[in-house]
Protein chains: 2
Amino acid sequence: MDNSMDNMQVCETTCIHEDIVNRVKDKLPDDETIYKLSEFFKVFGDKTRVKIVSALIDSEMCVCDIAYLLNMSQSAISHQLRVLKNSNLVKNRKEGKVVYYSLDDEHVKDIIAQGIVHITHKGRGE
Amino acid sequence: MDNSMDNMQVCETTCIHEDIVNRVKDKLPDDETIYKLSEFFKVFGDKTRVKIVSALIDSEMCVCDIAYLLNMSQSAISHQLRVLKNSNLVKNRKEGKVVYYSLDDEHVKDIIAQGIVHITHKGRGE
DNA sequence: TTTATATATGAACACATATTCATATATTCA
DNA sequence: TGAATATATGAATATGTGTTCATATATAAA
């Protein structure tokens, strides 16, 4: 893992600001945190999942409701709900044959809201 | 676009809660907003980009600094910086041959912070 | 102008991923 | 038990994406 840079074209030059790099390196989150962060945001990086989450902000719904609402197949929704569940973003409860999904994280609303702030502030030229 | 559901295996059944679906449908953000949201979060859905952004929270840096800090090739970093720039998350200034990158969005810090809140709260079983 | 350096970029490749299709599982009802 | 329904899931496929490699561009220095 360390000799992977042996023949890589990286700037082995004088342009590196070692003081800055060293200072930043100390503050940078560890690799596991970075990985978890990117995996977390990756979940929101899909239209279908953002729709599902946005919908569940308003109300608990069953798989069939969501498929109908989003005009998508039951299978596709089910697969995505599993992704959301694995990320602890939604939970479910079973009532007979029907499985109801709802949000399992208080910050989901805030995350979406903050995303909206960004895209509305940056939409048309700075 | 409307007849795409003609032979799709969606629940054309009685389990749909029409009242809930209709109410949620009205509140759901429009398709363009959903798309922009997912594209926005997709940017944070990559380890390298999260690292770059986290690093830039602390200090402006040149491409070479970032490549050295993250132990990655200059080309890989340059490609990712373009993605971040296209998303209006970073800006750059040129000083001779050196290009310095810095954050271009006040909420980036908040987004990362909120992500950390989630992964630390949900890490070890609820 | 020639050389060196810092960055940008297009193409290719390897890998990840979202949806579909077929089917399995679980539950209710007759 | 058997039929119907709601959901879950594995495999396959198509599409997206991150890095590498080679190279182009831009700037500075000799």
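Naming convention: chains lettered A, B, ... in sequence-line order (proteins, then strands); numbering from 1 in each chain.
- Checked against D/dT20, C/dA18, C/dA8, the side chain of B/Val99 finds its nearest nucleotide in C/dA8.
- Distance, A/Ile77 CD1 to D/dT9 C1': 15 Å, rounded to whole Å.
- Remark on DNA chain C: of its neighbouring residues A/Glu39 and B/Ser78, the 5'-side contact belongs to B/Ser78, judged by nearest-heavy-atom nucleotide.
- A search for ring pair (Phe, Tyr, Trp, His ring centres under 6.0 Å) contacts involving A/Phe44 returns A/Phe40, B/Phe41, not counting sequence neighbours.
- Listed by chain and number, the residues in a side-chain hydrogen bond (donor to acceptor under 3.5 Å, both in side chains) with A/Glu39 are A/Lys42 (sequence neighbours excluded).
- With sequence neighbours excluded, the residues forming a side-chain contact (heavy atoms from CB on, under 4.5 Å) with A/Ser78 are A/Gln74, listed by chain and number.
- Here the P atom of nucleotide D/dG18 and the CG atom of B/Asn71 are 19 Å apart, to the nearest Å.
- In the interface, the side chain of B/Gln74 is paired with the base of C/dA8 through a donor and an acceptor atom under 3.5 Å apart.
- The side-chain contact (heavy atoms from CB on, under 4.5 Å) test applied to A/Asn86 returns A/Arg82, not counting sequence neighbours.
- B/Lys51 places none of its side-chain heavy atoms less than 4.5 Å from the side chain of B/Leu69.
- With a 4.5 Å cut-off on side-chain heavy atoms, A/Ile34 and B/Ser54 count as touching.
- Proximity note for B/Val98 (side chain, C-beta onward) versus C/dT7, D/dT20, D/dT7: the nearest is C/dT7.
- Between the OH atom of A/Tyr35 and the P atom of D/dG18 there is a distance of 15 Å, rounded to whole Å.
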Stepwise side-chain contact (heavy atoms from CB on, under 4.5 Å) test for B/Asp46 and A/Ser38: CA-CA 5 Å; B/Asp46 175 78; A/Ser38 63; 5.5 Å; no

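- Counting to the nearest Å, the P atom of C/dT5 and the CD1 atom of A/Ile16 are 13 Å from each other.
- The side-chain hydrogen bond (donor to acceptor under 3.5 Å, both in side chains) check on B/Asn92 picks up B/Tyr101, with sequence neighbours excluded.
- Taking atom CG of B/Leu70 as the reference point, atom P of D/dT20 lies 12 Å away to the nearest angstrom.
- If you check C/dA8, C/dC21, D/dT19 against the side chain of A/Ser75, the one that comes closest is C/dC21.
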Hey, what are the protein-to-nucleotides 25-30 of chain D N/O distances that come in under 3.5 Å?
| from | atom 1 | to | atom 2 | distance (Å) |
| --- | --- | --- | --- | --- |
| D/dA26 | O3' | B/Lys94 | NZ | 3.4 |

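- B/Asn71 contributes atom CG, which lies 10.0 Å from atom CD1 of B/Ile77 (distance to the nearest 0.5 angstrom).
- When the C1' atom of C/dA18 is taken as reference, atom CG of A/Leu81 falls 14 Å away, rounded to whole Å.
- For the contact set between residues 42-62 of chain B and DNA chain C, defined by any heavy atom under 4.0 Å, the members are B/Cys62.
- Between A/Met61 and A/Leu56, the shortest heavy-atom distance links the atoms N-CD2, 3.9 Å.
- Atom CZ in B/Arg93 sits about 12 Å away from atom P in C/dT7, given to the nearest Å.
- For the side-chain contact (heavy atoms from CB on, under 4.5 Å) test, residues two or more places apart in sequence or in another chain that qualify with B/Val98 are B/Cys62, B/Tyr100.
- In the helix from C/dT1-D/dA30 to C/dA30-D/dT1, the end axes, each obtained as the rotation axis mapping the C1' atoms of four pairs onto the next four within a five-pair block, lie 20° apart to the nearest 10 degrees.
- B/Asp104 places none of its side-chain heavy atoms less than 4.5 Å from the side chain of B/Leu89.
- To the nearest angstrom, P of C/dA8 lies 13 Å from OH of B/Tyr100.
- For the pair B/Tyr68 and C/dA6, the criterion of a side-chain N or O lying under 4.0 Å from OP1 or OP2 is not met.
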Using nucleotides 11-15 of chain C, report all nitrogen or oxygen pairs with the protein that are shorter than 3.5 Å.
none

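- For residues 94-103 of chain A, the salt bridge (charged side-chain N to carboxylate O under 4.0 Å, His left out) pairs, not counting sequence neighbours, are A/Arg93-A/Glu95.
- Among the atoms of the strands shown, only primed sugar atoms or phosphate atoms (P, OP1, OP2) are found under 4.0 Å from some heavy atom of A/Tyr101.
- A donor-acceptor contact shorter than 3.5 Å links the side chain of A/Asn22 to the backbone of A/Glu18.
- Taking A/Thr33 as the reference, A/Asp30 meet the side-chain hydrogen bond (donor to acceptor under 3.5 Å, both in side chains) condition, with sequence neighbours excluded.
- Taking the side chain of A/Ala76 as heavy atoms from C-beta on, and the options C/dT7, C/dT19, D/dG18, the nearest nucleotide is C/dT19.
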